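Report on the following structure.
Please read all numbers here as calculations on a predicted model, not as lab measurements. Position 1 is the first residue of the sequence, and the numbers go up from there.
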Amino acid sequence: MVPHLITALNGPINELEARILDSMPAIERWFRLEWMEHTPPFYTSVDIRNAGFKLAPVDTNLYPGGFNNLTPQMLPLAVQAAMAAIEKICPEAKNLLLIPEKHTRNSFYLANVATLVRVFHQAGLNVRLGTLDETITAPTELPLADGGTLTVEPLVRKQGRVMLKDFDPCTILLNNDLSAGIPNVLKNIEQQYLLPPLHAGWAVRRKSRHFAAYEEVAKKFAKLLGMDPWLINPVFAQCGTVNFAEGTGIECVKANADAVLAKIRRKYKDYGINEKPFVIVKADNGTYGMGIMTVRDPKELDELNRRTKNKMAVVKDGQQVNEVIIQEGVPTYERINDAVAEPVVYMMDRYVVGGFYRVHADRGIDENLNAPGASFVPLAFAEPGNLARPGEKPGASAPNRFYMYGVIGRLAMLGASYELEQTDPNAESLEVESA
C-alpha cells in the first residue's frame, strides 16, 4: 500500500526519489563506510513526514515500542538483524535480560515486549524480563491480549552485575527510556553489556543534540547527492530555561519561533511553496507524544490557556519541562482512507527491519499524530519482491517510496550514532588511554 500523496506539489519529492534511486550504489557504499567509523544504536525507530516538497525525520526513538505493529513477514528480518547485532557485541551470549517500561499494564506495550522476546529467542538467546518497578518483589505474570502471559521478575544487583535470582545475563537490553532518571541498580555496570548505553536515555539525551548531529549527517549526504540539505533536514532552535506553568522563558521561545519561521518562509519562497509555515514546540527530553504544540504565529505564545500550559509543563513520569526544541513543522500530505498518515521506520543494528504508517483521523496535517486515537497500518518493506525498482516512474512505486523512507530512517539512525558518540561520558578517558 502506498498512501495517496494529496499535494500537487510533489515535484521535489519525486525528484528526490529519482535521485536517491539513481544513486543507490553510491548511497549504500556511503552508509557502509559510515558504519565502519560509527556504531549504530542497537535499535531505533524514526518518525518521518512527507510533505511532497520535503521528506524529513521529526523524531528518533532509541527505545522503540511498537514492534507488535510489524507484520509477521517482517519478523525474520528483525531476527537476522538481532543476530548480527548480538554477534558484534557479545558473540558468546546465551542469556539476554530485557528491562521493559514500568507501565506494564498497557496491553499494546506488552504486545511489543512479547514481540521482542520472540525475536531474541529466535535469534538464539534465553530471554527473561526484569523490572525496575520496586513494588514487584517476586516473579509476576502479566496477561497479554492474545491470551498469553509475560513474567517479569525483580532485578538483583550482585558483585557489580545485574541479574535475576537464578539468571546471569551477558547482555542487558533496555526497552525503558529512563525518563524518570537513571536508577541506581543500572549505574556502574562494567562486566556486562548494557544496551542502549545509559546516556541514550531521556535523563541525559536531548532532541536538540540529536538534530544538531543529524544536520551534520544530512549535509554530508546532500553533498554526496548534489542537493539542498533542507529537503531532508528540519530547521530547529533550542531554549534552555523555560517554565510554562509560571510563564518564564516564553520570550526565548517566541524569538526562536520567529527566527525559525523566517528561515522556513525564505525556503518556501525559493521553492515556490505556497504554504503557511509552522513550528512544533516540544520538550527537549521527552517521548510518548507529550509536551508538544503547534505554533503558526509567535503571538500565540502570549495567549496560552491554562490547559496548554499544563500540557507543556510536564512530560512522561511527571518530569518538569525546562528545555524545549522549536522545530520546523513538516506537514504530512500522506493519506490512508482520508486520514492523515506518517511513516515510522524500524531498524535494528544498521538494518531496516520494517515499519508502519501511524494514522490519525482526528488530527490535521500540521499536528502531532502520536496521540490517543492513532492506529497503525504496516509498511510493506518486507513483502516478497519489494526490493527497490530503479527505472519506474517516481511516485508510482511502493518499493521505491519505501526504499527512500529506509534511507531517511538510516540517516536519522546515523545522526543518533554521532549524537551518542558526542555525549558519551567515557569518550574522553578512552581517548586519553589511546593517546
Side-chain angles (χ1 to χ4, degrees), residues 39 41-43 62-65 67 82-83 85-105 109-110 112-144 148-205 316-317 319 348-349 420 423-430 433:
T39 305
F42 186 80
Y43 51 8
L62 299 181
Y63 300 86
F67 276 94
M83 283 176 169
I86 293 290
E87 216 166 276
K88 280 196 305 198
I89 295 154
C90 185
E92 71 283 2
K94 198 167 61 174
N95 296 337
L96 176 76
L97 176 59
L98 177 58
I99 301 179
E101 292 284 356
K102 286 202 282 193
H103 59 72
T104 41
R105 305 292 165 190
Y109 178 71
L110 289 177
N112 157 70
V113 175
T115 304
L116 284 171
V117 169
R118 196 171 144 212
V119 165
F120 291 111
H121 180 74
Q122 290 188 19
L125 295 163
N126 300 315
V127 187
R128 302 256 295 264
L129 301 175
T131 179
L132 293 169
D133 187 342
E134 291 172 0
T135 63
I136 292 179
T137 55
T140 302
E141 282 199 350
L142 302 171
L144 294 169
T149 59
L150 287 173
T151 302
V152 294
E153 303 176 58
L155 295 174
V156 177
R157 185 75 189 242
K158 203 170 172 184
Q159 293 161 343
R161 294 177 74 84
V162 175
M163 55 183 78
L164 304 178
K165 191 178 171 194
D166 55 355
F167 185 77
D168 188 356
C170 148
T171 305
I172 301 155
L173 178 63
L174 289 172
N175 197 246
N176 179 316
D177 61 25
L178 306 179
S179 291
I182 298 170
N184 288 331
V185 71
L186 296 180
K187 289 179 182 171
N188 306 315
I189 295 172
E190 287 162 12
Q191 303 166 29
Q192 292 161 297
Y193 296 96
L194 180 64
L195 305 166
L198 292 177
H199 65 283
W202 287 121
V204 177
R205 192 172 177 233
K316 183 172 168 252
D317 292 334
Q319 298 301 300
M348 201 171 276
D349 192 56
L420 291 178
T423 55
D424 184 352
N426 302 317
E428 285 134 333
S429 58
L430 290 174
E433 281 165 29

Can you measure from OG1 (Thr135) to CG (Leu132) and round to the nearest 0.5 angstrom? 11.5 Å

Smallest separation among heavy atoms of Gly130 and Leu97, with atom names: N-CD1, 3.6 Å

Quick one: closest heavy-atom pair of Val119 and Ala82, and the distance? CG1-CB, 4.0 Å

Test item: Glu190 side-chain N/O and Gly160 main-chain N/O as donor-acceptor pair under 3.5 Å: no

Is there side-chain contact between Leu194 and Val162, with heavy atoms separated by less than 4.5 Å? no

Value for CG (Asn95) from CD1 (Ile172), rounded to nearest 0.5 Å, stands at 11.5 Å

Check whether any side-chain heavy atom of Leu62 sits under 4.5 Å from a side-chain heavy atom of Leu420, and report yes or no. yes

Sort and list the pairs that fulfil side-chain hydrogen bond (donor to acceptor under 3.5 Å, both in side chains) and have at least one residue in residues 151-166, not counting sequence neighbours. Arg128-Glu153, Arg128-Asp166, Arg161-Asp168

At their closest point, which heavy atom of Thr149 faces which heavy atom of Pro143, and how far apart are they? CG2-CA, 4.3 Å

Would you call Leu164 and Leu155 a side-chain contact if the rule is heavy atoms closer than 4.5 Å? yes

Least distance between heavy atoms, Pro197 atom then Tyr63 atom: O-OH, 3.5 Å

Testing Thr140, Leu142, Leu98 for side chain to side chain contact (heavy atoms under 4.5 Å, CB included) with Leu129, which one passes? Leu98

Do Ile99 and Leu186 have side chains that approach each other closer than 4.5 Å (heavy atoms only, starting at C-beta)? yes

For Phe120, ring pair (Phe, Tyr, Trp, His ring centres under 6.0 Å) partners two or more places apart: Phe42

Is Asn175 reaching over with its side chain to a backbone N or O of Pro64, donor-acceptor style, under 3.5 angstrom? yes

Within-4.5 Å side-chain heavy-atom neighbours: Pro183 and Leu178: yes

If every non-hydrogen atom of Asp424 is compared with every non-hydrogen atom of His199, which pair is closest and at what distance? CA-NE2, 3.5 Å

A side-chain contact here means heavy atoms from C-beta on lying under 4.5 Å apart; do Val127 and Leu116 qualify? no

Heavy-atom neighbours of Lys94 NZ exceed 12 at 6.0 Å: no

Please report the shortest heavy-atom distance between Pro139 and Pro154, naming the atom on each side. N-CD, 4.1 Å

Hey, what do you get for CZ (Phe67) to CE (Met348), rounding to the nearest 0.5 Å? 4.0 Å

Given side chains that start at C-beta, do those of Lys187 and Ile182 come closer than 4.5 Å, heavy atoms only? yes

With a 3.5 Å distance limit and no angle check, can you tell me whether Tyr109 reaches the backbone of Glu101 through a side-chain donor-acceptor pair? yes

Using 0.5 Å steps for rounding, measure from the SG atom of Cys170 to the CD1 atom of Ile86. 7.5 Å

Within-4.5 Å side-chain heavy-atom neighbours: Leu198 and Val204: no

